[in-house]
Amino acid sequence: MNTVFDRPHALCDVVLHYCPGCTHGIIHRLVAECLDELGIEGKAIGIASVGCSVLTYNYFNCDMIQAAHGRAPAVATGAKRADPSNIVFTYQGDGDLAAIGTAETVHAAARGENITVIFVNNAIYGMTGGQMAPTSLPGQITQTSPYGRDTKTVGYPVKVCEMLSQVDGATYLERVAVNDVKNVKNAKRAIKKAFQNQIDGKGFSLVEVLSTCPTNWGLTPDKALKWLEDNMMPYYPLGVYKDKYAEEAK
Amino acid sequence: MSEKVLMKGNEAIAEAALMAGCRHYFGYPITPQTELTAYMAKRLPKMDGVFLQAESEIAAINMVIGVSAAGKRVMTSSSSPGISLKSEGLSYLAGCDLPAFVVNVQRGGPGLGGIQPSQSDYFQATRGAHGDYRTIVLAPDSVQEMVSLTVKGFDLADKYRMTSMLLADGTLGQMMEPVSLDVGEITKYDKPWAATGTKMERPKNIINSLSLIPEELESWNLTRYERYKIVEENEVMYEEYMMDDAEICIVSFGITARVSKNAINEARAKGIKVGMIRPITLWPFPKKVLCEAADKVKAFISVEMSMGQLIEDVELATRCKKPVLLCNRCGGVIPSPQNVMDSILEADKIGGEQ
Amino acid sequence: MKTSQIIFAGFGGQGILFSGKFLAYNGLIAEKNVSWLPSYGPEMRGGTANCSVIISDTPVGSPIVSEADMLVVMNNPSLEKFESAVVPGGKIFVDSALVDMKVTRTDVDVYYIPATKMAGDEGISTLANMILVGKLLKESGLFDFSNIDAVLDKIVSAKHQDLKAFNHKALSLGYNYEG
């Protein structure tokens, strides 16, 4: 029998804990496929964060370090500097990367730290049960914004790619989504490029992946995908926000 | 023995760390430990090492975690308020069973406090941040001991897979004394647990402090405390000074132990039988020798630059068998030999009243 | 058994800390126990500076000097602050070109040396501190003056070897000064 579809080697053969319809699983698979295709699983060190992706260390087949909330880019900095031949990536959610870990994120980018950051933005705190995230949309109802996110009192969402595009040290910033087949394929291309950049010693690469949280959004999986398209994608436009080497090549 | 040189305490720690094989340093400027950071900035790039000034103390300790997880010797240093910021990382280091060497050159607190020397982080160092864990705490009283305890600190950290902290103060960090940099053989430890990449040749290593299963987390803690027990059995260090016939026992560490020695010599000249037990490891605390001393002396004096922190361990160790007097200054003020002398005279009265 | 406690005090930039370091290195070469403790903090940055040096035949206890055998001062505030810290029979060395106050104590030996003026006259204007140290070496008899070049070898950085001769000159000027 000819195998046409299989589990990537870099993805462990375990049941993921993610809720039905959550797109973390797709993103995990894309990362694992990239580790396989680039032949870097044996050199890879993944940094798990705090949030829904906290158990990532159980899902990737490479060496893993579980970091404190928001500190993954700092831990990654240490792991990369300890041995620059390691391929070091973080896998972080929006609360982790854009709230409690903002300083670590911005400064890792500013230093041009040669690491790969997978940033999963689902506009909510999933693990703790659906509280307002730094990326929750204006008006979005969450457990801690029960009347909708009021920008007058709690301000506006943080647009990570746009913000980091102003940081000279950042090499590659792209926002993708995993809401349909075309976008999933595009997301994989971006993630692969973010790893290839590290292999080539090009510096800080971050891929922001717009993702769903059906459970805490209170939607069915298919409606969650629609909500992502209708609400998140207009506020967080997809695209390349910075590609230092492409710009230099022009 | 190598030729002696005059070095500042802060610089001596840095040089000793390099001699112990540390090639990765992450820090953030803060008085009165900044010379250590500056020394590393100058030396490490010239020896293919990594010096990085982090964006915060929090980032620095997490960079330490990254290097340690990858199996290399690594350190950070700071002073009191900065150590508070690093506390989160200290707990994670413990939970992940990672070795690290951390220096606290203490200044007065709380809050931003001052910049003059203090020992008021005693509780913080010996008790630590959230969760059940221990930190080996080493308290030098001279620049020479800062060198030897730095080397020892790296060794203990690797040996027991835990953090060892050098607890100094502004005076020791700033002062210069002759020092020999002859540190002897450095033991290297295998780290098969480290995240170095599987090379597709072994199962993956996971460096992690999380368990959502209480029984599993409990078993991790129990295993860790079995290791701590070995540390308590084997690694206690202290100095006894004129204790053979002592009727009064001073307990003091670091710079106040030196002030105390002046007072002890003076008191001895007056015929007062006073000695000192100087804990060199604050954890593991020298409980046994203090408990035994409690059967011989009539009183203890805890000499410290804090509002009575060390004294609690002295009372615990001696099981309150004898009175423990507190001789202290705080906020950056160093007790004078006369302060200590006054306490000795007060302690000396104790027998006479009975 | 002898212990000498010395305080150097003046403004930042006058070489106060260096003077103390030089004396401490003399002690090291003479195989004595020594300690050197600077003031640190905001006062270093342009304000007053001082350091305490202890030289002893026995191990140094506390490095803090509250009762000094000798005091070297290079500004008025330092004399005001530390005059009372000198033990009876102690010695005070004053840069009289900068300090216009007089020592009020009568139970100490006082040496007024116009060190800053002398240094200016000799074209070594930054080395008034070492002129004072030269005088201290002479009057204290702490160390053999012939060791100074060996000490300078240790203390002057490789980049500034040309400064050794100037330091030697300043120390000699002070040592031979009869005021």
Side-chain angles (χ1 to χ4, degrees), chain A residues 9-10 12 17 35-36 39-51 54-88 90 100-111 113 115 127, chain B residues 23-26 28 44 48-74 76 85-93 95-96 98 100 129-130 191 193-212:
Chain A
H9 187 272
C12 297
H17 74 283
L35 295 177
D36 275 14
I40 53 175
E41 183 196 315
K43 291 199 284 184
I45 298 175
I47 318 291
S49 59
V50 171
V54 67
L55 294 171
T56 302
Y57 58 81
N58 282 333
Y59 304 149
F60 291 115
N61 233 336
C62 56
D63 280 356
M64 295 292 298
I65 305 170
Q66 205 290 311
H69 202 16
R71 318 300 174 220
V75 174
T77 298
K80 184 70 183 180
R81 301 260 183 153
D83 183 353
S85 73
N86 291 335
I87 298 298
V88 181
T90 71
I100 198 166
T102 311
E104 285 78 2
T105 304
V106 171
H107 284 274
R111 285 192 301 271
E113 220 48 76
I115 59 172
M127 189 58 132
Chain B
R23 291 294 177 274
H24 294 79
Y25 174 94
F26 303 92
Y28 188 90
L44 274 169
D48 289 329
V50 172
F51 167 85
L52 194 61
Q53 182 172 320
E55 64 270 26
S56 69
E57 319 282 6
I58 300 169
I61 193 76
N62 281 283
M63 291 169 187
V64 165
I65 289 173
V67 173
S68 180
K72 301 266 175 80
R73 281 197 165 175
V74 58
T76 184
L85 286 168
K86 290 187 199 293
S87 296
E88 175 194 65
L90 293 176
S91 180
Y92 277 76
L93 280 162
C96 295
L98 290 173
H130 70 279
K191 298 180 177 177
W193 46 263
T196 51
T198 62
K199 316 281 186 287
M200 310 303 274
E201 288 165 357
R202 60 157 170 79
K204 68 170 174 174
N205 285 334
I206 302 175
I207 310 288
N208 171 41
S209 62
L210 175 74
S211 172
L212 298 174

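Computed from a predicted structure; not experimentally measured. All chains are named by letter (A, B, ...) in the order of the sequence lines, taking the proteins before the strands, and each is independently numbered beginning at 1. Because only heavy atoms are used, hydrogens play no part in the values below, and waters and symmetry mates are left out as well, while side chains stay in.
The candidate from A/N86, A/N61, A/D83, A/V50 with the greatest count of non-hydrogen atom pairs under 4.5 Å with chain B is A/N61. Between chain B and the options A/G101, A/S85, A/A82, the largest number of non-hydrogen pairs under 4.5 Å is found for A/A82. Annotation: maximal heavy-atom pairing with chain B below 4.5 Å, among A/K43, A/R111, A/K80, occurs at A/R111. Most heavy-atom pairs under 4.5 Å with chain A, from the set B/A70, B/S56, B/P203, B/A59: that is B/A59. If you tally non-hydrogen atom pairs under 4.5 Å between each of B/K199, B/E55, B/M200 and chain A, the highest count goes to B/E55. In terms of heavy-atom pairs under 4.5 angstrom with chain A, the leader among B/R23, B/E88, B/K72 is B/E88. Here B/L52 is the residue among B/V50, B/L212, B/L52, B/I61 with the most heavy-atom pairs under 4.5 Å with chain A.
In this structure, no portion of A/I87 lies under 4.5 Å from any heavy atom of chain B. In this structure, chain A has a heavy atom under 4.5 Å from the backbone of B/A194, while its side chain stays farther away. The contact between A/A67 and chain B is made entirely by backbone atoms, counting heavy-atom distances below 4.5 Å. Residue A/H9 touches chain B through its side chain alone, counting heavy-atom pairs closer than 4.5 Å. In this structure, chain B has heavy atoms under 4.5 Å from both the backbone and the side chain of A/A68.
Atoms CD1 and SG, from B/I206 and A/C62 in turn, are 9.5 Å apart once rounded to the nearest 0.5 Å. The SG atom of A/C12 sits 9.0 Å away from atom CE of A/M64, with the distance rounded to the nearest 0.5 Å. Distance OG1/A/T90 to CD1/A/I45: 13.0 Å, rounded to 0.5 Å.
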(Q) Run the side chain to side chain contact (heavy atoms under 4.5 Å, CB included) test on B/N205 and B/K191 for me, step by step, so that the C-alpha distance in whole Å, both residues' side-chain angles and the decisive distance to 0.1 Å come before the verdict. (A) CA-CA 11 Å; B/N205 285 334; B/K191 298 180 177 177; over 6 Å; no
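Sparse packing is recorded around OH of B/Y28, with 12 or fewer heavy atoms of other residues, nucleotides or ligands lying under 6.0 Å away.
Across all non-hydrogen atoms, the minimal contact from B/W193 to B/I207 is O-CD1, 3.6 Å.
Using a 30° and 60° split on the angle between ring planes, B/H130 and B/Y92 fall in the perpendicular class, above 60°.
For A/Y59 and A/H17, the ring centers sit closer than 6.0 Å to each other.
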